[in-house]
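Worksheet for the structure shown next.
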Amino acid sequence: MSTSIMMTGAFFTAVVLLTTGLCSGHAVLPPGPVNGAVGGNVTFNTIISSEGPIPTIIWNFDGGSGSALVISVSSGVANEGPGYEGRVSVNSFTGSLELKQITLGDTGTYTVTLITSKPETLTDSAVLNVYEKISGAEITGPSEPLIAGNSSANLSCQAAAGTSISWEWLKGDQPLSPSNRITFSEDKSSVSISPVESSDNGEYQCRLSNPVSTDTASYTLTVKL
Ligand SMILES: *[C@@H]1O[C@H](CO)[C@@H](O)[C@H](O)[C@H]1NC(C)=O
Ligand SMILES: *[C@@H]1O[C@H](CO)[C@@H](O)[C@H](O)[C@H]1NC(C)=O
Ligand SMILES: *[C@@H]1O[C@H](CO)[C@@H](O)[C@H](O)[C@H]1NC(C)=O
């Protein structure tokens with residue numbers, strides 16, 4: 001008996017959603033992920049604008065272990081999910097969500113559901129990637145003197161903190177290009193020069209980047225004739 005009541009309830013909900021126009025394919029959020037830095041704030045801006053407050057706004061989060069409430073705002077009453085107290089806010093005219101003081105644990109998929117005054121149900125989702133800012137970039141190189149035409153040098157670039165996504169090498173102010181003597185490791189975190197020539201003398205820079213930060217390290221290579 002109770003099963004049939006629950007099924008009726010589910011059926012009723014489905015009918016309401018259909019008749020109110022559930023448009024799951026409707027774009028509410030711009031395409032692409034949102035990137036944020038640990039400790040920073042991020043905003044999921046919608047591409048919706050309403051002349052009045054949107055009656056119901058619901059944001060859910062799924063970090064890989066199921067969906068959980070971030071915040072819902074219904075008829076002006078906000079309800080923050082566990083763990084989000086005091087660090088979330090919603091713009092009632094656009095449905096945009098601001099999330100403050102983010103941590104790596106906030107990485108995941110955010111789904112917004114809007115029930116407009118039409119009424120129409122709109123839903124969309126976006127991924128949040130959270131990165132630690134890169135700091136303490138450093139190049140390590142050979143400690144012994146280098147002899148032109150004989151020695152080889154391997155410069156390697158690492159950061160003390162942060163998630164490095166890309167490496168870029170410069171010599172002087174010019175990008176360092178691979179050649180028959182200059183080879184990069186696959187991720188470009190190190191470069192090998194073999195053999196070194198006197199033309200390799202000079203200042204090398206390594207620029208480490210991720211979507212929220214960049215840090216640069218320098219190294220002076222000295223080659224003896
Ligand atoms: C995040 O938002 C809070 C409160 O609005 C503000 O005080 C803080 O400076 C912001 N942090 C960053 C990194 O912008
Ligand atoms: C060049 O390298 C070889 C082998 O590593 C070494 O025996 C030789 O002494 C080096 N020549 C010079 C000029 O340093
Ligand atoms: C430089 O040395 C490191 C560690 O010894 C090694 O992993 C890396 O592959 C070397 N890089 C190149 C370009 O040979």
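Counting convention: from 1, in listed order, for ligands and their atoms alike. The first residue in the sequence is number 1, and the count goes up from there. In this text, all values refer to a predicted model and were calculated from it rather than measured experimentally.
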List ligand 1's nitrogen or oxygen atoms that come under 3.5 Å of a protein nitrogen or oxygen, with the partner atom and distance.
| from | atom 1 | to | atom 2 | distance (Å) |
| --- | --- | --- | --- | --- |
| ligand 1 | 2 (O) | N41 | ND2 | 2.3 |
| ligand 1 | 11 (N) | N41 | ND2 | 2.9 |

Fill in: From CD (E168) to OG1 (T216), nearest 0.5 Å
8.5 Å
Item to complete: Nearest 0.5 Å please: distance from the OG1 atom of T94 over to the CD1 atom of I54.
Response: 6.5 Å
Discussion item. Can you tell me how far apart OG (S74) and CD1 (I115) are? Round to the nearest 0.5 Å.
Written reply: 7.0 Å
Worksheet entry | Spacing of CD1 belonging to I139 relative to SG belonging to C206, to within rounding of 0.5 Å | 5.0 Å
Practice prompt. Measure the OG-OH distance between S218 and Y204 for me, rounded to the nearest 0.5 Å.
Written response: 12.5 Å
Worksheet item: Mind checking what makes ring pair (Phe, Tyr, Trp, His ring centres under 6.0 Å) contact with Y110, not counting sequence neighbours?
Response: F44, F61
